[in-house]
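Since the structure comes first, as C-alpha cells, the remarks are kept for the end.
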Amino acid sequence: SAAYLEMPSFPKERFLEAVDAVVAANRDYVPPYGSDASLYLRPFLFASGEVIGVKPADAYQFRLFATPVGPYFKDGAKPVRLCVSAFDRAAPHGTGHIKAGLNYAMSLHAYMAAHAAGYDENMFLDAATRTYVEETGGANFLFVTKNGTVVTPKSGSILPSITRRSLVYIAEHILGMKVEERPVAFAELSEFAECGLCGTAAVISPVGSVTHGTKVISFPSGMEHMGPVLQKLYDTLRGIQLGTVEAPEGWIRRIC
C-alpha cells in the first residue's frame, strides 16, 4: 500500500518492534482472557513534509496506537441486511486494492445513505459493469454454495483482507474444504446457501439478505444465525486467536 502511494515502506522488523513496545506499554489495558474483548492495534503512515503540490512528500511519520475494544457481538452474531449501493467504491486500475484512508472516506456517504434506508451496510458492485460483487465499505465477502464450497470474489479493486486470507487458508488447509477465488456475478447470489462479511473486528458477520431495487435475496442459513460452514470457519479462527486451536506456523507472536 505504501509503495503504491509513493510512500516509503516501513521495515518489517521495526514494525514488529513497535507492536511489542505499544502492547507492553498498554498491558494494563489488555482485556481479560475470555471476555471476547481485545486490544486493537492500528498502524498508519502519513505525510508530514512541507508539500502543498500534488506530489509525494519528502517526509513521513509512522504511528501505531492501541485501544481496548469490547466484544463485537455482545448478544450473539445477528445477521445483517445489505443493499446494493448506487455508488461505486473503487474504479478499475485505481486504489481499491490498497489500504488507504481515501478508500474508507469515499464509502461514508454511501454508508449513511444505506443506514437512512434501513440497511446495515452496502454491497458494492464492480464499477465497470456493475454486475460483479466486490465488497462493502470495510469488509470482504465470503459465500458458501449448497454443496459446501467456500467462494470469495476476485477482483483487482478489492482490498486483500488478511482476515479473508486467514479464513481461506483455514477452510482449505485445516478444515479440508473446497475453496474458489473467482469473479462472483450478482446474478449468482440466489444460488448460495450462506453469505458472510469478514474483517478484523467481527471476523465473520452473517448476511441475512441483500436488496437490489425491488429484489430481495435471502440466504437460508443466515436469516436467524450464522450458517454452519461460516460458523465452523469463525470458531476455528477465534480458537487460533484464543489459543484453543493450534495455529499454523508464524501466525502467533508472543509478547512478554
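Given the structure is predicted, the values throughout are model-derived calculations rather than measurements. Basis for what follows: all heavy atoms, side chains included, without hydrogens, waters or symmetry-related copies.
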Is the shortest heavy-atom distance from the side chain of [X] to the side chain of [Y] under 4.5 Å?
{"X": "Pro206", "Y": "Leu197", "answer": "no"}
{"X": "His97", "Y": "Ile158", "answer": "no"}
{"X": "Leu82", "Y": "Thr211", "answer": "no"}
{"X": "Glu172", "Y": "Met177", "answer": "no"}
{"X": "Ile240", "Y": "Ile170", "answer": "yes"}
{"X": "Ile252", "Y": "Gln241", "answer": "no"}
{"X": "Leu5", "Y": "Leu45", "answer": "no"}
{"X": "Phe44", "Y": "Phe62", "answer": "no"}

Donor-acceptor pair, [X] side chain versus [Y] backbone, under 3.5 Å?
{"X": "Ser205", "Y": "Ala202", "answer": "no"}
{"X": "Asp120", "Y": "Val80", "answer": "no"}
{"X": "Glu188", "Y": "Ala185", "answer": "yes"}
{"X": "Ser85", "Y": "Phe87", "answer": "yes"}
{"X": "Arg89", "Y": "Gly96", "answer": "yes"}
{"X": "Thr149", "Y": "Thr145", "answer": "no"}

message: Around atom CD of Glu50, are there more than 12 heavy atoms from other residues, nucleotides or ligands closer than 6.0 Å?
response: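 No, because the 6.0 Å sphere around CD of Glu50 holds 12 heavy atoms or fewer from other groups.
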
message: Tell me if the CD atom of Glu246 is crowded by more than 12 foreign heavy atoms within 6.0 Å.
response: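 Open: at most 12 neighbouring heavy atoms sit under 6.0 Å from CD of Glu246.
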
Over all heavy atoms of both residues, which pair between [X] and [Y] is shortest? Give the atoms and the distance, please.
{"X": "Tyr60", "Y": "Ala47", "value": "CD2-CA, 3.5 Å"}
{"X": "Gly137", "Y": "Glu121", "value": "N-OE2, 3.8 Å"}
{"X": "Val168", "Y": "Val179", "value": "CG1-CG1, 3.7 Å"}
{"X": "Ala37", "Y": "Pro31", "value": "CB-CB, 3.5 Å"}
{"X": "Tyr33", "Y": "Leu242", "value": "OH-O, 2.9 Å"}
{"X": "Ile98", "Y": "Asn103", "value": "O-ND2, 2.7 Å"}

Atom pair [atom1]/[atom2] of [X] and [Y] - distance to nearest 0.5 Å:
{"X": "Asn122", "Y": "His109", "atom1": "CG", "atom2": "NE2", "result": "10.0 Å"}
{"X": "Ile174", "Y": "Ser166", "atom1": "CD1", "atom2": "OG", "result": "9.5 Å"}
{"X": "His225", "Y": "Lys78", "atom1": "NE2", "atom2": "NZ", "result": "13.0 Å"}

- prompt: Who passes ring-ring contact (aromatic ring centres under 6.0 Å, His included) against Tyr119, sequence neighbours left out?
  reply: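 Counting only residues at least two positions away or on another chain, Tyr119 forms no ring-ring contact (aromatic ring centres under 6.0 Å, His included).
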
Is it the case that [X] and [Y] place a side-chain donor and acceptor less than 3.5 Å from each other?
{"X": "Tyr29", "Y": "Arg27", "answer": "no"}
{"X": "Thr152", "Y": "Glu181", "answer": "no"}
{"X": "Glu134", "Y": "Ser157", "answer": "yes"}
{"X": "Tyr4", "Y": "Lys99", "answer": "no"}

task: Could you list all the ring-ring contact (aromatic ring centres under 6.0 Å, His included) pairs where at least one residue sits in residues 180-202, not counting sequence neighbours?
output: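 As it turns out, the ring-ring contact (aromatic ring centres under 6.0 Å, His included) pairs with a partner in residues 180-202, which skip direct neighbours, are Phe143-Phe192, Phe186-His212.
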
- prompt: Which of these, Val151, Val184, Thr136, sits in a side-chain contact (heavy atoms from CB on, under 4.5 Å) with Phe141?
  reply: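 Single side-chain contact (heavy atoms from CB on, under 4.5 Å) partner of Phe141 among Val151, Val184, Thr136: Thr136.
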
query: What residues, two or more places apart in sequence or in another chain, satisfy side chain to side chain donor-acceptor pair (under 3.5 Å) together with Asn140?
result: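 Side chain to side chain donor-acceptor pair (under 3.5 Å) list for Asn140, sorted by chain: Glu135, Arg164.
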
- request: Evaluate side chain to side chain contact (heavy atoms under 4.5 Å, CB included) for Phe219 paired with Glu194, printing each intermediate quantity in order.
  value: CA-CA 6 Å; Phe219 298 97; Glu194 300 178 40; 5.9 Å; no

task: Would you please test Leu167 and Leu237 for side chain to side chain contact (heavy atoms under 4.5 Å, CB included) and show each step?
output: CA-CA 7 Å; Leu167 290 166; Leu237 183 52; 3.8 Å; yes

